[in-house]
Amino acid sequence: MNILLLGSGGREHAFAWKIVQSGDCTQLYVAPGNAGTETIATNVPISITDFEAIRDFITSKNIGLVVVGPEEPLVKGIVDYLQNQPETVAIPVVGPSKLGATLEGSKDFSKRFMQRNNIPTAAYETFTADQLDAALAYLETQNLPIVLKADGLAAGKGVLICLTLEEAKTSLKEMLLDQKFGEASSKVVIEEFLTGIELSVFVATDGKSYKILPEAKDYKRIGEGDTGLNTGGMGAVSPVIFADEAFMARVEEKVVKPTVEGLAKENIPYKGFLFIGLMNKDGEPKVIEYNVRMGDPETEAVLPRIESDFLALLQGIGTGILDSYELKISADYATTVVMVSGGYPGSYDKGKVISLPDTVEGAEIFHAGTGRNAHGELTNQGGRVIAVTGKGKTLQEALSNAFTTVRGIGWDQAYYRKDIGMDILNLM
Ligand code: AMP
Ligand code: GLY
C-alpha cells in the first residue's frame with residue numbers, strides 16, 4: 001500500500017520510522033517532511049493546508065491511506081474535504097472530522113463536551129468581549145492562581161496562569177479587547193487552577209472502539225527544573241511511574257470510555273488519535289485539555305514502545321476495524337531529549353550545520369526542524385530540531401543512551417535540558 005503522511009516534525013519522523021517497518025508499506029510519502037523523513041521515505045513539497053494539492057497527489061500516486069500528523073489541517077477540515085471529493089471519498093484517513101477536531105480547536109467546545117459527558121475537569125466559565133464586566137466580576141469570586149485560556153488555536157501560547165487578581169484582570173482585557181492572541185482570544189475560558197502531576201494519555205479510536213497507547217510525561221518549560229518559558233516540549237518519558245495500573249484504570253473508566261462514547265452518541269465522526277492532557281490529583285484524573293493528534297515529543301517516546309505492527313493500527317483506525325487489532329506494548333523505557341536552537345522559544349539563528357554520529361547504540365535520532373543547505377549539509381531550520389530517544393530496560397539505561405547520543409551530535413548554539421526524567425528517577 002502507498003501511504004501519505006502529512007507533517008514535518010519529530011512526531012512525523014517517528015511515524016514514518018514505524019510505518020516503513022511494516023511489511024504492508026510499499027511506498028511512504030511525507031508532505032512536506034524534513035531531512036529525517038527524506039532518508040526513509042519520499043518527501044513531497046506540498047503544504048499541509050493545500051487541500052486541493054493533497055487530493056490531487058492522493059489520486060496520482062494511488063494512495064491507500066492518509067495519516068494526518070498535526071492539528072492545523074484537521075481543525076481546518078481536511079478529513080471532511082477529502083470525504084466530500086469523489087476522487088478521495090473511499091480513501092481511509094487517520095484523523096478526526098472537523099467537528100471532532102473542535103475538541104482541540106475550541107476550548108469552550110471541549111469544556112462543554114466534557115460537562116455533557118460527565119468527564120472530570122476544572123470548573124470554568126466562558127466569556128466574550130461584550131461580557132467583559134461579567135468576566136471581571138467572575139474573576140473576583142475565584143481562587144488564585146486562576147487560568148485564562150484563549151478559546152481558539154494559539155500555537156500553544158494561549159494559556160495564562162495568573163498568580164494575582166490584578167494580573168488576571170489585565171490579561172483578560174488584553175485577550176478580549178486587544179486580541180492578544182488574535183481571533184483565538186475573542187472568547188476566553190476562565191478556569192480553576194488544578195494541582196497535581198500532569199500526564200499525557202494517548203488513545204487511538206475508530207469512533208467505536210479504542211486502544212490506549214503508552215502514556216508519557218512531557219517536559220514543557222525551556223529551563224531545567226521546569227523554569228522559564230513554555231515550549232512545544234523539551235523531552236518525554238514513557239512509561240510514567242505515577243501512572244500505575246489503578247490510576248490508568250480510573251483514567252479509562254472516567255475519561256477514555258465516556259469520551260469515546262460521547263463522540264459516538266453525539267455523532268461526532270472521529271477516526272484518529274486523541275491526546276488527553278490530564279492531572280493526577282491524589283489518584284483521581286482531571287482533564288486539562290484534549291488534543292486531536294499525537295503529542296510531540298511524546299510520540300518519539302511512545303512509538304518505540306509499540307511492538308505490534310503500527311501500520312496495521314493506522315489501518316484499523318482509518319477503516320473502522322480497530323476492535324480486531326491486538327496492541328502489544330513493550331515494558332522497556334523510552335526517554336526523549338529534544339535539542340533546540342539556542343534562543344528558542346525566542347528568536348534564534350537558522351542554517352547552522354549539524355553533524356550526526358555515524359553509529360548510534362540504544363537510541364533513535366528523530367529529526368524535527370532540520371533541512372539541508374546548498375552543499376547538502378544538515379542544518380537547523382526551526383526551534384525544536386532533533387529529538388533523541390534512548391531505550392533501555394530501566395529508566396537509567398534509557399536516559400544514559402539518550403544523553404550519550406545527544407552529546408555526540410554537534411552544532412553551534414544547540415541547547416537541551418539535562419534534567420529530563422530526573423524527577424521520575426527521584427520518585428523511584
Ligand atoms: P495547553 O496550552 O492547553 O496545553 O496548556 C498549557 C499548560 O498549561 C498545560 O499543559 C498545563 O501544564 C497548564 N494548564 C492548563 N490548564 C491548567 C489548569 N486548569 N490548571 C493547571 N495547569 C493548567
Ligand atoms: N507536547 C505537547 C503537545 O504536543 O502539544
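Atoms within a ligand are numbered from 1 in the order they appear, just like the ligands themselves. Quantities reported herein were computed from a predicted structural model and do not represent experimental measurements. The figures that follow rest on heavy atoms only: side chains count, while hydrogens, waters and symmetry mates do not.
Two residues are said to be in side-chain contact when any heavy atoms from C-beta on lie closer than 4.5 Å; Val340 and Val385 fail this criterion. Taking 4.5 Å as the limit, some side-chain heavy atom of Glu191 sits within range of a side-chain heavy atom of Lys149.
When the shell of 6.0 Å around NZ of Lys328 is examined, it contains 12 or fewer heavy atoms from other residues, nucleotides or ligands. In this structure, Asp178 places its CG atom where more than 12 heavy-atom neighbours from other residues, nucleotides or ligands lie under 6.0 Å away.
Under the salt bridge (Lys or Arg N to Asp or Glu O under 4.0 Å) rule, Arg417 has a single partner from Asp226, Asp218, Asp423, which is Asp226.
Taking distance alone, with nitrogen or oxygen atoms compared against 3.5 Å, Asn291 stays at or beyond that limit from ligand 2. Not a single N or O atom of Gly233, backbone or side chain, sits closer than 3.5 Å to an N or O atom of ligand 2. Polar contact check, Lys220 against ligand 2: no nitrogen or oxygen pair lies under 3.5 Å apart.
Judged by the 6.0 Å and 45° rule, Lys18 forms no cation-pi pair with Phe15. Within the cation-pi definition used here (under 6.0 Å to the ring centroid, within 45° of the axis), Lys350 does not qualify as a partner of Tyr348.
Within 4.0 Å of ligand 1, counting heavy atoms only, the contacting residues are Lys107, Val147, Lys149, Val159, Ile161, Glu191, Glu192, Phe193, Leu194, Glu198, Lys220, Met279, Ile288, Glu289.
Close contacts of ligand 2 with Arg293, meaning ligand atoms under 4.0 Å from a residue heavy atom, involve 3 (C), 4 (O), 5 (O). Atom numbering of ligand 2 starts at 1 in the shown order; those under 4.0 Å from a heavy atom of Gly232 are 1 (N), 2 (C). Every atom of ligand 2 is numbered from 1 in the order shown, and the set under 4.0 Å from a heavy atom of Gly295 is 4 (O).
Between Glu298 and Arg11 there is no salt bridge, since none of the side-chain N atoms of the basic residue sits less than 4.0 Å from a carboxylate O of the acidic one.
Looking at atom 2 (C) of ligand 2, its nearest protein heavy atom turns out to be Asp218 OD2, 3.4 Å.
Here the closest heavy-atom approach between residue Arg305 and residue Asp332 is recorded as NE-O, 2.8 Å.
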